[in-house]
Amino acid sequence: MSRFRSSAVLAFGAVLLAGCGERPADGAPRAASGGATPVVSSADRAEARQLFDTLCSTCHGNNGHGDGPASAGLEPKPRSFADRQWQASVDDAHIRTVITLGGAAVGKSPNMPPQPQLKSRPGVVQGLAEIIRAQGR
Ligand code: HEC
């Protein structure tokens, strides 16, 4: 019985801790920074890969080094996703925002184009974020 009690107390504590994790230190609801990480299905992942290879890579390069064929005339250059300092400075919610709303929406170059058609495809957007993260490893 006392065993059951202490595990119940532990479980309750874990729920409290998990609850705390829902909010960043400043107390703002996490939804403000993009919400929970969207689920990525294997179809989303395949679509994200195709989109990266046909669209994003024209500027960011096949391996995300910022050296795609369309990068030549651009200033600032497309972000190199291999830059670990940059990787550490952004969260996935930021990456998702840049992809759907474009560079201008986050104070970056308007040459980074928005993809408004992806607003209803959070799994595909997160799939792109996964590709970007993998290129920073
Ligand atoms: C026409 C060229 C072009 C295409 C196509 C393009 N980008 Fe970009 N992207 C840029 C440029 C230029 C920047 C740098 C903006 C800056 O630093 O001001 C950038 C920056 C970014 C950033 C970093 C933003 C930040 O806050 O530092 C991400 C993430 C990104 N692009 C993702 C993508 C993805 C994913 C795609 C494909 C869906 C894509 N881009 C397609 C040009 C492009």
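For reference, positions follow the sequence shown, starting with 1. Ligands are counted one by one from 1 in listed order, and the atoms in each one are counted from 1 as well.
Not close to ligand 1: Ala70, with no non-hydrogen atom less than 4.0 angstrom away. Note on ligand 1: Leu51 sits outside its first shell, no heavy atom being nearer than 4.0 Å. Ligand 1 has Phe81 within reach: a non-hydrogen atom of the residue lies less than 4.0 Å from it.
Taking a cut-off of under 4.0 Å to the non-hydrogen atoms of Cys59, the atoms of ligand 1 that pass are 1 (C), 2 (C), 3 (C), 4 (C), 5 (C), 42 (C), 43 (C). Taking every non-hydrogen atom of Ser109 and a distance limit under 4.0 Å, the qualifying atoms of ligand 1 come out as 15 (C), 16 (C), 18 (O). Atoms of ligand 1 found under 4.0 Å from any heavy atom of Pro76, numbered from 1 in the order shown, are 12 (C), 16 (C), 18 (O). Distances below 4.0 Å separate heavy atoms of Ile99 from the following atoms of ligand 1: 35 (C). Interface of His94 with ligand 1, defined as ligand atoms under 4.0 Å from a residue heavy atom, comprises 25 (C), 26 (O).
When only non-hydrogen protein atoms are considered, atom 11 (C) of ligand 1 lies nearest to Pro78 CA, 3.5 Å. In this structure, the protein non-hydrogen atom closest to atom 20 (C) of ligand 1 is His60 CE1, 3.6 Å. Here the protein heavy atom with the shortest distance to atom 24 (C) of ligand 1 is Val98 CG1, 3.8 Å. Taking atom 27 (O) of ligand 1 as the reference point, the nearest protein heavy-atom neighbour is Trp86 NE1, 2.9 Å.
Checked by atom type and distance alone, the side chain of His65 never pairs as donor or acceptor with a backbone atom of Ala82 at under 3.5 Å. Remark: side-chain polar atoms of Thr100 are paired, donor with acceptor, to backbone N or O of Arg96 under 3.5 angstrom. Checking side-chain atoms of Lys77 against main-chain N and O of Asp67 turns up no donor-acceptor pair under 3.5 Å. Here the side chain of Gln87 pairs no donor or acceptor atom with the backbone of Ala134 at under 3.5 angstrom. A donor-acceptor pair is defined here as one N or O able to donate and one able to accept, closer than 3.5 Å; no such pair exists between the side chain of Lys108 and the backbone of Ala105. Judged by distance alone, the side chain of Arg49 and the main-chain N or O of Asp44 form no donor-acceptor pair under 3.5 Å.
In terms of polar-atom proximity, defined here as any N/O pair under 3.5 Å, Thr58 makes no such contact with ligand 1. Considering both main-chain and side-chain atoms, Asn111 never comes within under 3.5 Å of ligand 1 through any nitrogen or oxygen pair.
The aromatic rings of Phe81 and Trp86 sit tilted relative to each other, their planes meeting at an angle between 30° and 60°.
Contact annotation: Cys56 places no N, O or S atom under 2.8 Å from atom 8 (Fe) of ligand 1.
In the hydrophobic clustering of this structure, Val40 does not group with Ile131; members are Ile, Leu, Val, Met, Phe, Trp, Tyr whose side-chain heavy atoms approach within less than 4.5 Å, directly or through other members.
At a threshold of 4.5 Å between non-hydrogen side-chain atoms, the residues Phe52 and Gln135 count as touching.
Contacts of Lys77 with ligand 1, taken as heavy-atom pairs under 4.0 Å, involve the backbone alone. Contacts between Ser71 and ligand 1 below 4.0 angstrom, taking non-hydrogen atoms only, are absent altogether.
When Lys108, Met112, Glu75, Arg96 are checked for heavy-atom proximity to atom 17 (O) of ligand 1, Lys108 turns out nearest.
The heavy-atom pair separating Glu75 from Asn111 by the smallest distance is O-ND2, 4.4 Å.
With values rounded to the nearest 0.5 angstrom, Ile99 atom CD1 is found 6.5 Å from Met112 atom CE.
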